[in-house]
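This report concerns only the one structure given below.
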Protein chains: 2
Amino acid sequence: MPAEAKVDIGARSATPPLTERQEARRRRILHASAQLASRGGFDAVQMREVAESSQVALGTLYRYFPSKVHLLVATMQDQLQHMHGTLRKKPPAGETASERVAETLMRAFRALQREPHLADAMVRALTFADRSVSPEVDQVSRQTTAIILDAMGLTDPTPAQLSAVRVIEHTWHSALITWLSGRASIAQVKIDIETVCRLIDLTEPDGKP
Amino acid sequence: MPAEAKVDIGARSATPPLTERQEARRRRILHASAQLASRGGFDAVQMREVAESSQVALGTLYRYFPSKVHLLVATMQDQLQHMHGTLRKKPPAGETASERVAETLMRAFRALQREPHLADAMVRALTFADRSVSPEVDQVSRQTTAIILDAMGLTDPTPAQLSAVRVIEHTWHSALITWLSGRASIAQVKIDIETVCRLIDLTEPDGKP
DNA sequence: CGCTAATCTAGAACAAGTTTCAGACTTGAT
DNA sequence: ATCAAGTCTGAAACTTGTTCTAGATTAGCG
C-alpha cells in the first residue's frame, strides 16, 4: 500500500517512518527554511521560495509541513538539537544552579545574536503558533526544559523546581521577543534572565541532608 | 490646511488631535474589532469585515490603523484601560505584595477567560508585533506595569522591584500564550503566576524601618 | 460664501499563505 | 515484470492582508 521503501532511523516518534529520499527532502526543506530565515527573518521565509530552494513542489512542501508556522517550529526543533549538543560539550562553570542556568541561557542567547533574523523567524513562529501546532511546540518546550535541567545538574527535579523551570522558560521566550522587537536591549535581557534564575535558589531553602 | 475641526479631548499623546467624527470612527472600528475578535479570535478579525462593520472604507481603516496587528494592539490598549479601572475599584486583599499581585493577575486572567477568543486575538497580536508596532506595544507594557505596581502598592519602586515586575510580565504573557494554545491548563497558569510572584518577596529581604 | 488642502469612499490590484487537481512517478507486493 | 496505492510535480485558483487610484466630501480660512 505505501510507497517508497521505509527506513526507520529511529529519529522521530509516532510519525510513519520516512524513505531515504523523503528524509533527504525533509532535510533540504529545513535547510532552505533556515537559510531564508537567516536573511530576512519570518517574512523572508516564503513558502514558494522554500519550495523552489529545496527543489520540491509547493504541494509537497505542504505535505511535509502543513503550514509556515509548522515549518518554522520544526526548524527551531532542528536548531535546538544542535544547540543542546553544543551546550553539552562545555557545561557551565557556575557555583550554584541558578548561576549555571543563567550562564547557559546567556550562551544560547549569544548564539541567537549571531543569527538574529533566524531567531526572529523561529521565535515569532513559536509564539504565533495556534492549537494545531501544539504537539510540535510542546516538543520544543520539552527540549528547552531538558537544557535547563541539564544546566541545573538535576536528574529528577522536585515539583517546585519544575515550576521554577517553567517560569524561567516563560521569561526566556518573552524576553527574546522584547529583544527581537527592539523593545529591550541585550543588557536588559541579561538582567531579566539573571533575575528569574534566582527563583531556583528558592527551591533549595538551605543545605540538604 | 488640515480638514475636519480639531477637538483635543486630551486623550492620546503626541498624535494630532481628532475631529469628533474621527473619534467616532475610531471608536466604531475598535468596537467592531473587539466584537469580531470575541467570536473567532485572531483569524476572525478580517480587515474587510472590520471596515464593513464599522461603516468605514478599507483605505480609511488602514489610515487609522496601519496594520491588523496595530489594530489589535490598540484594541488591547482599550481593553486594558477598562481592566485597570475595574481593578482599581476593588484592590486586592492579600497580606504581602506578592499575594496581592498574584491575586490581581488571577483576577485579570479570569476576565480573559470570559472572552477567550478576544484574549487570543489580542495576545497573539501583541507577541507577533514587529518593530513597527513597538511604540504601541510599549504602551501596553507600561499599562501592565502600572497595574502590577498598583497591586504592590508602590509609588517609587527600586530597580530590583522593577526587575521583578518585568519578569512577572514576561511570565504573564508567556503563560497566557501557553494557555491560549491549549498547552497549559488554567491551574497551571495559576501555579506559574504564583511561582513568579515569589520573586517579589526577594526584593524585601526582611522588615524595613 | 467660496477656496484649498486634507480626508473619505469605492473598488481594483497586488502579495503571500494555502488549497486543489490532473497527470507523472515510486514503491512494495504479487 | 506488473500492478495498485500512495507520492510528487506543476500550475492554477482561492483567501486575506495591504496598497493604490480617482473622484466625492469635509473642514477651516479669508
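Proteins get letters first, then strands, A, B, ... in listed order; numbering begins at 1 in each.
Rounded to a whole Å, the CD1 atom of Ile29(B) is 13 Å from the C1' atom of dT9(C). Rounded to a whole Å, the CG atom of Leu61(B) is 13 Å from the P atom of dA10(C). In this structure, CZ of Arg63(A) is placed 13 Å from C1' of dT20(C), rounded to the nearest angstrom. Counting to the nearest Å, the P atom of dT19(C) and the NE2 atom of His70(A) are 11 Å from each other. One interatomic measurement links the two molecules: CZ of Phe128(B) to P of dG17(D), which rounds to 12 Å at whole-angstrom precision. A straight line from CZ of Arg21(A) to P of dG6(D) spans 19 Å, rounded to a whole angstrom. Rounded to whole Å, the distance from CZ on Arg28(B) to C1' on dT9(C) is 13 Å. Summarising the geometry, the separation between CZ on Phe65(A) and P on dT19(C) is reported as 16 Å, rounded to the nearest angstrom.
No engagement by Glu52(A) is indicated, since no non-hydrogen atom pair under 4.0 Å with the nucleic acid exists.
Phosphate contact (OP1/OP2 of dC8(D), side-chain N/O of Tyr64(A), threshold under 4.0 Å): present. For dC8(C), one of the phosphate oxygens OP1 or OP2 lies less than 4.0 angstrom from a side-chain nitrogen or oxygen of Gln22(B). When the side-chain nitrogen and oxygen atoms of Tyr62(A) are compared with OP1 and OP2 of dT20(C), none of them lie within a distance under 4.0 Å.
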Can you check nucleotides 12-16 of chain C for protein contacts, nitrogen or oxygen pairs under 3.5 Å, and list what you find?
residue: dA16(C); atom: OP1; partner: Gln46(A); partner atom: NE2; Å: 3.1

Please table the atom pairs, donor to acceptor, closer than 3.5 Å between any side-chain atom in residues 106-113 of chain B and protein atoms at least two apart or in another chain.
residue: Arg107(B); atom: NH1; partner: Lys90(B); partner atom: O; Å: 2.4
residue: Arg107(B); atom: NH2; partner: Glu103(B); partner atom: OE2; Å: 3.2

Considering only distance and modelled atom types, tabulate donor-acceptor pairs under 3.5 Å from the side chains of residues 32-52 of chain A, sequence neighbours left out.
residue: Ser33(A); atom: OG; partner: Thr75(A); partner atom: OG1; Å: 2.9
residue: Ser38(A); atom: OG; partner: Ala34(A); partner atom: O; Å: 2.8

Report, one line per pair, each donor and acceptor closer than 3.5 Å where one atom sits in a side chain of residues 130-138 of chain B; sequence neighbours left out.
residue: Asp130(B); atom: OD1; partner: Ser132(B); partner atom: N; Å: 3.2
residue: Asp130(B); atom: OD1; partner: Ser132(B); partner atom: OG; Å: 2.8
residue: Arg131(B); atom: NH1; partner: Leu180(A); partner atom: O; Å: 2.8
residue: Ser134(B); atom: OG; partner: Ser181(A); partner atom: O; Å: 2.8
residue: Ser134(B); atom: OG; partner: Arg131(B); partner atom: O; Å: 3.1

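Residue pairs meeting the side chain to side chain donor-acceptor pair (under 3.5 Å) criterion with at least one member in residues 186-198 of chain A, sequence neighbours excluded: Gln188(A)-Asp192(A), Lys190(A)-Glu194(A), Asp192(A)-Arg166(B), Asp192(A)-His170(B).
Nearest nucleotide to the Arg25(A) side chain, out of dT26(D), dT18(C), dC8(D): dC8(D).
For the residue pair Pro116(A) and Trp179(A), the shortest heavy atom distance occurs at CB-CH2, 4.3 Å.
Atom NE2 of His31(A) has 12 or fewer neighbouring heavy atoms from other residues, nucleotides or ligands inside a 6.0 Å radius.
Residues satisfying the side chain to side chain contact (heavy atoms under 4.5 Å, CB included) test with Thr104(A), not counting sequence neighbours, are Leu87(A), Pro92(A), Ile147(A), Ala151(A).
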